[in-house]
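Below, each value reflects all heavy atoms present in this structure, side chains not excepted, and no hydrogens, waters or symmetry copies. Residue numbers begin at 1 in each chain, while the letters A, B, ... track the order of the sequences.
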Amino acid sequence: MNHDTDHDFHQFRGTFDSAITPDAEFKAKMEKLLKAEKPVVTERTSSVLASPPKRPSESIMPARRSSPLMIAAAVLTVFAVVVASVWVLSGDMLEGEYASAPSGIATMPADAPETPGPDVQLTANSFHSAPDGIYLQGIYDGVVITQQWREHVSEKESEGGSAVHSPERTSVIVAQDQATGEVLWELDQLDFSSPRVSNSVLVATRLNWNDLDSQGNPKLEVLALNLKTGEVLWSIPVGDVGPGPVVQTVRFDLEVAANRVFIVYHSGTVQALDITSGEEVWETEFDPGDGEILQFRDSNDQEWQETRYNVATAIWNDLLAIVSGNYILATLDIETGELRASHNLSESEPHDGRLMMLEMEIQPIPTGILLTSLVSGSDTPNSVVQLVDPVTGEVQWTHEFEGTIDLHVAENGAITVNSHIWKLNSWLLQLFGQSGYSTHQLFWMDGKTGVEILQTERSRSDWMPFAMTDGTYACTRSDISEIVCFDRSGTRYLMQELIPTGIPVMVKGVLYVPTADGLYKVQLP
Amino acid sequence: MGPLSSKAKTQKSPSVRDDATALMTALPRLYGYFYPRVGGHKPLAEDLTQDTMLAAVRSGKSPTSPDELMAWLFAIARNKLIDHYRKQDREKRNLGQRVEDDDLGVQPGLPDLDLESLPLREEVTATLAELNPRYQAAIVLRYFDGCDVSTVAQALFLSESATQSLLARARNTFRSVWIARNGDAR
């Protein structure tokens with residue numbers, strides 16, 4: 001049956017936001033809680049060496065001399081008061097070490113210079129208004145690519161022959177000039193992911209529900225567009241259906257470099273295409289490692305198994321680097337597909353037997369590729385980042401972070417690491433269903449040397465955190481409606497006017513921030 | 001060039017609690033946000049609503065307008081919801097339970113639904129409740145809340161391609177459960 005990939009789901013947007021009156025009992029409970037709750041005061045000073053917020057001093061109940069019965073009664077009373085008071089006690093006492101609102105205070109390295117000046121407030125300017133929602137795909141060669149949704153009323157014929165008007169939302173890809181905001185082109189009803197750009201050609205993957213295979217499955221395609229005009233240059237289906245009926249089981253990475261597109265199938269095949277024509281230039285094989293065997297069963301009770309591999313890829317200079325889940329690094333020449341180097345990186349493993357898995361992305365910087373692995377830590381998984389030379393296989397530096405991480409790299413090799421840890425609440429709060437909360441911490445590092453430039457305190461994340469750098473500034477989200485940026489001296493720049501609805505993009509000192517009503521530009525000095 | 005418009009000083013933000021009436025006015029909308037998104041599970045919706053409002057008060061912020069207050073509360077709410085899905089998914093994994101459903105083959109699309117009708121909205125909610133936490137999270141974030149794929153990916157700690165794959169499976173499973181509950185109306 002032909003149907004768009006998710007048009008039948010877009011009807012849900014905006015229809016589950018109605019107010020619902022809760023039970024009177026819950027309302028009364030909330031009124032009581034809100035009256036008793038008090039805010040935590042945030043102190044901001046100019047010192048970037050400020051220590052973490054201290055816990056308020058705890059009051060000590062005086063000991064009483066009395067009979068054993070009185071003592072028992074007192075203990076029971078204290079216990080009852082503590083349990084009953086769990087909702088009204090300050091969050092400082094019950095919710096972990098950093099209970100204050102996120103401060104965004106930078107903790108500089110020990111040899112930091114004297115404290116810089118006061119905070120600098122930033123202002124936002126509208127780049128593009130989009131009241132129905134906007135998603136920032138990226139900024140490439142001076143072109144801003146966004147995905148937007150347009151509502152329109154479609155006319156259909158009902159069974160009785162009369163016209164029925166129904167609202168629909170369709171996806172539109174929009175390309176705008178970064179300097180002027182001028183719309184260069186738009187493409188309707190297009191939804192793609194993982195865009196890459198090289199030679200002014202934008203390459204991306206998409207599920208094409210208008211082109212189904214013999215089993216009624218949508219074809220997975222790689223699509224190439226002229227970045228400046230939006231002209232579709234070519235599209236090709238990728239992968240085979242495999243043993244099961246769902247084409248989405250095909251896994252691959254897409255890379256571009258110079259005049260080439262590389263489709264790296266996780267099962268161990270690399271296909272190199274000419275970026276302007278889509279014609280195959282070469283194909284070769286690599287060892288994807290051991291993989292994990294998964295069992296599937298369809299609605300007809302037919303069973304089959306599929307092997308899932310863990311493969312990560314990156315382009316580094318004129319080489320395509322492929323790392324398998326077994327830590328085998330294969331480096332291919334992008335022009336010929338020739339194997340230039342192969343190394344077993346597990347021999348350089350610094351994990352002391354704690355290795356859990358390789359993360360699915362590797363990131364190139366000018367001096368090598370950044371490899372992230374998950375290792376077991378004392379309470380949570382930790383993340384180990386290594387800078388590896390793709391030609392020699394030599395590990396240049398290693399750094400371990402608590403928790404899982406998001407890594408972002410700048411063109412000059414500076415990196416930001418956003419470390420996430422889930423913190424458990426005390427047992428009292430857990431009794432009431434508040435098991436824990438997310439926290440994050442920003443690290444800004446010189447990618448070449450692995451030396452830390454700056455870090456923030458670990459803060460609670462009641463919002464979606466992100467972090468990025470352009471080499472001159474490092475930015476992170478310190479509150480729902482607050483973005484904080486630091487320069488290398490530790491001076492803090494604050495944007496408090498926007499509520500980001502997606503991940504911003506930073507290009508040469510300018511932040512592009514998607515919000516509910518469009519895309520904004522924030523210029524850093 | 002950003003002006004040096006503020007000097008460092010000790011800031012004492014007025015508490016949102018000072019406008020408790022505004023917060024209580026927001027209660028039905030917050031509860032109404034959570035209720036369908038947790039499959040109509042009333043205690044869970046209440047817990048998440050409570051967490052959101054307490055987080056708002058503790059932050060010490062004071063939005064300047066009702067619209068800003070609601071936008072801010074919904075931003076907290078969404079992240080509470082994401083934490084909830086992550087926790088459920090993690091618990092399921094820790095118990096060794098299967099976290100993705102078996103492959104169901106391609107299912108027909110959903111009919112156009114009159115979602116003004118409360119019973120139909122309740123039916124969508126009940127269908128969502130039958131999905132595993134990851135599928136619930138993917139469907140809610142992408143189609144109820146309109147988040148982009150990248151945001152969904154980051155919320156679920158997945159790559160974008162894995163998220164696209166997850167969304168396709170989630171949609172397929174939702175359609176299958178819907179048909180099982182309501183028949184194929186096409």
Side-chain angles (χ1 to χ4, degrees), chain A residues 1 3 6 8-13 15-22 26-27 30-31 34-35 37 39-46 91 101 118-122 133 135 166 193-194 216-217 244-246 248 296-299 360 404 433-435 438 462-464 480-481 493 499 502-503 525, chain B residues 1-2 4-8 10-13 15 17 20 23-24 27-29 31-33 35-36 46-47 50-51 53-55 57-60 71-72 75-76 79 83 87 102-106 108-110 112-113 115 143-144 146 148-151 154-155 157 159-161 164-165 168 171:
Chain A
M1 180 175 299
H3 56 90
D6 60 359
D8 52 340
F9 281 79
H10 282 305
Q11 62 184 315
F12 294 155
R13 180 78 200 277
T15 56
F16 290 93
D17 297 329
S18 308
I20 300 176
T21 304
F26 178 65
K27 275 179 70 176
M30 284 312 306
E31 273 175 2
L34 290 178
K35 277 184 192 153
E37 190 58 45
V40 178
V41 171
T42 303
E43 276 196 19
R44 285 206 180 131
T45 71
S46 61
D119 292 346
V120 177
Q121 296 290 338
L122 300 170
Y135 163 53
S166 57
S193 64
S194 307
N217 302 305
V246 181
Q248 292 94 318
F296 289 93
R297 186 176 70 247
D298 67 13
S299 52
M360 287 179 71
T404 56
Q434 297 188 49
S435 63
S438 292
D462 285 321
W463 53 88
M464 183 78 59
I480 289 161
S481 56
Y493 303 82
I499 299 179
I503 313 296
Chain B
M1 192 76 157
L4 288 171
S5 57
S6 70
K7 296 195 181 299
T10 301
Q11 297 178 2
K12 286 193 191 238
S13 309
S15 166
R17 184 175 69 86
L23 267 185
M24 284 304 296
L27 181 67
R29 287 192 64 188
Y31 182 77
Y33 172 82
Y35 182 84
E46 287 176 357
D47 281 349
Q50 180 179 299
D51 281 356
M53 295 185 91
L54 289 179
V57 170
R58 285 174 190 151
S59 75
W72 179 53
I76 301 176
N79 286 289
D83 276 350
K87 181 186 157 215
D102 295 328
D103 209 288
L104 302 166
V106 177
L110 298 172
D112 288 336
L113 301 170
L115 290 167
Y143 301 112
F144 284 36
D148 50 61
V149 173
S150 173
T151 303
Q154 188 159 25
F157 293 136
S159 67
E160 277 196 35
S161 58
Q164 290 280 22
S165 207
R171 289 193 298 267

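- Under the rule for a ring pair (Phe, Tyr, Trp, His ring centres under 6.0 Å), A:Tyr135 has no partner lying at least two apart in sequence or in another chain.
- When all heavy atoms of A:Gly502 and B:Asp148 are compared, the closest pair comes out as CA-OD2, 4.1 Å.
- A distance of 13.0 Å separates OH of B:Tyr33 from CD1 of A:Ile20, quoted to the nearest 0.5 Å.
- Remark: A:Tyr493 pairs with A:Asp487 by the side chain to side chain donor-acceptor pair (under 3.5 Å) rule, at least two apart or across chains.
- The aromatic rings of A:Phe12 and B:Phe144 sit perpendicular to each other, their planes meeting at more than 60°, with 30° as the lower class boundary.
- Scanning all heavy atoms of the two residues, the minimum distance from A:Gln11 to B:Leu113 falls at OE1-N, 2.8 Å.
- Contact between A:Lys27 and B:Met24 at its shortest, heavy atoms only, is O-CE, 3.7 Å.
- Taking all atoms of both residues into account, the shortest heavy-atom contact from A:Pro22 to B:Pro28 is CD-CA, 4.3 Å.
- Remark: A:Met30 CE to B:Leu54 CG distance equals 5.0 Å, nearest 0.5 Å.
- In this structure, B:Tyr143 and A:His10 have perpendicular ring planes: the angle between them is above 60°, well past the 30° mark.
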